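Numbering of residues begins at 1 and proceeds along the displayed sequence. Worth saying up front: this structure is predicted, and the values here are computed from it rather than measured.
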Amino acid sequence: MHVEVTTLKQEKDLVPDHEERILEIIRTSDGFKRELPKLNSTNLEQENFYNVNRNYECSDKDDEFKFQGLQHMVTARQLVEVKLLDLGTLEQLRLGLKSVEDIQKSLSKFLTKSTAIAGLYLESTKERMTFTLAAKKIIIDKALALAFLEAQAATGFIIDPISGQKYSVENAFMKGIVDNEFKNQLLEAEKAVLGYLHCSKKLSVFQAIESRLLERKKGKHILEAQVACGGVIDPVRSIRVPPEIAVQLGLLNNAILQFLHEPSSNTRAFPNPNNKQALYYSELLRMCVFDTDSKCFLLPYGERKISNLSVEKAQKVSVVDIKTGAELTAFEAFQRNLIEKNTYLELSRQQYQWKEATFFDSCGKTSHMLTDVKTGLHFSISEAVEQGVIDRALVKKCQEGVITTTELADTLLSKLVPKKDLNSPVAGYWLSDSGERISVLKASRRNLIDRITALRCLEAQVSTGGIIDPLTGKKFRVTEALHRGLIDESFAQQLRQCEVVFRGITHPVTNQPMSMVEAMSTSIQNIELGIRCLEFQYLTGGLIHPQSHTRLSIEEALKEGILDVLTASKLKDQKPHVRDIICSKTKRKLTYKEALEKADFDFHTGLRLLEASEPLMSGISSLYYSS
């Protein structure tokens, strides 16, 4: 039994503590899985917010410190009002210990950074392309190009993916970056940044929805894109603010925030150019690669799908260097000084979210673990040091805060040598959307696979050594697997008969060991189940001797007397093999042999995992501004 004694280790980045806290709010809000505080009304939220801010000691002189916002300048006082700037940092600014440029850079995500999808990255030619040009070349249709350009306009500015320059809609037309036929729609979308005018007031997207100046469905799509790109836009101050602060400012309410990623409330509205599947804007951003030249996010377009998650590789391609044609992981790009540390951490956290913890086992021995809360992967730091994968000096740097937990984990992942267990049965499933590894039981409970498919996969595991935990690769007997939650009681009752195939059968009267053939011939073992279990062994590398647990070929098994000629011929003849495994993705019926061939080898455990996708709950796909 393991007892965890430490929790999430806070990472120290290159930004001040309060700014890291703000970035953490945005990361937590991505997906909105955290329970948000419930307040009585937006007015109460605003009143509480401003009551707190009356305690901030700002003076008129602080208005002299000005920063470039999305569309116009913003003062230090305004940044303090929305908690992007704390009083300690403001005092350093007053004393000259920090410059306007320093703070401008550290808050770029909220002020001027290009965070929307700027264009396409054509995988076949490794070139960048604007959405306008892609539509002209009939790579994507005009409606799709318009949807992405509207998202740019509504989240900050129109972006040139070649130069990285940012423009207002009017300037983008003057520069020829977008066509005149899109002008009216883009000017309308830009109101999400400039503000919707109402009685001489500038209203945010949410306020425009409440005032019925903006259709609710369209407004929700805009807000989802804004939050994905760094925060809700305050049109008065011309900055992005974290969603929880936006609630306090009255730029958003908890009801909309909580359900931005709930398909029944807010449908996926941005089509993936590669397959036309409707996704949330945040999902498309996670598929993007970062261009080191233009400093923009580009959406890969092509058959290779370089940015897709893979269970066979520890880190996905997330950075492209157009000058050299190199396609890199975020960690590789950071090591080569092609991207800044904050950019690296942001890209790396799209795939993993690591925490460091210490466990005590029943003997009192400590174990330091790295665990990813997204995929379920976990590694023993102590074992990695003992095996020479990482050194103690690196671990010490992490403990002292010199490097982050993400850097320690990425260093470990980059040094892992992928392995393949060719005798592995299907050990579990991995989700292509998130990279999460799940057991067969969890896949069944999430309705990713049917009950029969789950039973067959578990029968194969038990027949070849035990129920497998796909996160660690460890195998357990049926009783222990039930205790650990890898199977339920119903599965356990059915699997106990398979366990004796691996561990050996004893005659109920003489207590003498029996071969499987003898057990089937005397009706001690069910013939259909017995042959199925032997088939699982045969397909995963050979029949398993019940005493020595060594793998045997059919010929060797015949010599050992644990197989007869009739059963051997049945195993060799694959035509009658039953198709009772249903593919989670294609819904086709497969034999177990076909399922093994379809599976991927996990880079961590070396075991076979089948790919699965969470069932989409959204309705009919719609474009960004469809009504």
Would one find more than 12 heavy atoms of other residues, nucleotides or ligands at under 6.0 Å from atom [atom1] of [X]?
X      : atom1 : result
Lys316 : NZ    : yes
Lys593 : NZ    : no
Glu555 : CD    : yes
His549 : NE2   : yes
Lys126 : NZ    : yes

For the side chain to side chain contact (heavy atoms under 4.5 Å, CB included) test, which of Leu441, Val440, Leu458 pairs with Ile467? Leu458
Do the side chains of [X] and [Y] get close enough for a salt bridge, i.e. N-O under 4.0 angstrom?
X      : Y      : result
Arg336 : Glu332 : no
Arg268 : Glu283 : yes
Asp469 : Arg484 : no
Lys559 : Glu556 : no
Glu480 : Lys474 : no

Got a donor-acceptor contact below 3.5 angstrom from the [X] side chain to the [Y] backbone?
X      : Y      : value
Ser348 : Tyr344 : no
Arg456 : Ile581 : no
Thr406 : Leu345 : no
Lys589 : Arg579 : no
Ser424 : Arg608 : yes
Ser439 : Leu486 : no
Arg437 : Gly435 : yes
Lys313 : Pro418 : no
Gln315 : Phe331 : no
Glu303 : Glu123 : no

Separation between [atom1] of [X] and [atom2] of [Y], rounded to the nearest 0.5 Å:
X      : Y      : atom1 : atom2 : result
Tyr352 : Lys374 : OH    : NZ    : 10.5 Å
Leu448 : Leu610 : CG    : CG    : 11.5 Å
Cys398 : His368 : SG    : NE2   : 11.5 Å
Asp410 : Phe334 : CG    : CZ    : 10.0 Å
Arg451 : Ser490 : CZ    : OG    : 4.5 Å
Lys598 : Cys583 : NZ    : SG    : 4.0 Å

Residues that Tyr592 engages under ring-ring contact (aromatic ring centres under 6.0 Å, His included), provided they are two or more places apart: Phe536
Kindly list each side-chain donor-acceptor pair under 3.5 angstrom involving residues 378-392, sequence neighbours excluded, with atom names and distances?
unit_1	atom_1	unit_2	atom_2	d
His378	ND1	Gly376	O	3.3
Ser380	OG	Glu383	N	3.1
Asp391	OD1	Ala393	N	3.3
Asp391	OD1	Leu394	N	2.8

Arg496-Thr479 side chain donor-acceptor pair, cut-off 3.5 Å: no
Are side-chain N/O atoms of Glu407 and Thr404 paired as donor and acceptor at under 3.5 Å? yes
So which heavy atom on [X] is nearest to which on [Y], and how close?
X      : Y      : result
Gln537 : Phe502 : NE2-CA, 4.3 Å
Tyr538 : Ile554 : CE1-CD1, 3.5 Å
Thr540 : Thr464 : OG1-CG2, 3.5 Å
Ile117 : Tyr281 : N-OH, 2.9 Å
Leu482 : Ala492 : CD2-CB, 4.2 Å

Is Arg286 close enough and on-axis enough to Tyr280, meaning under 6.0 Å and within 45°, for cation-pi? no
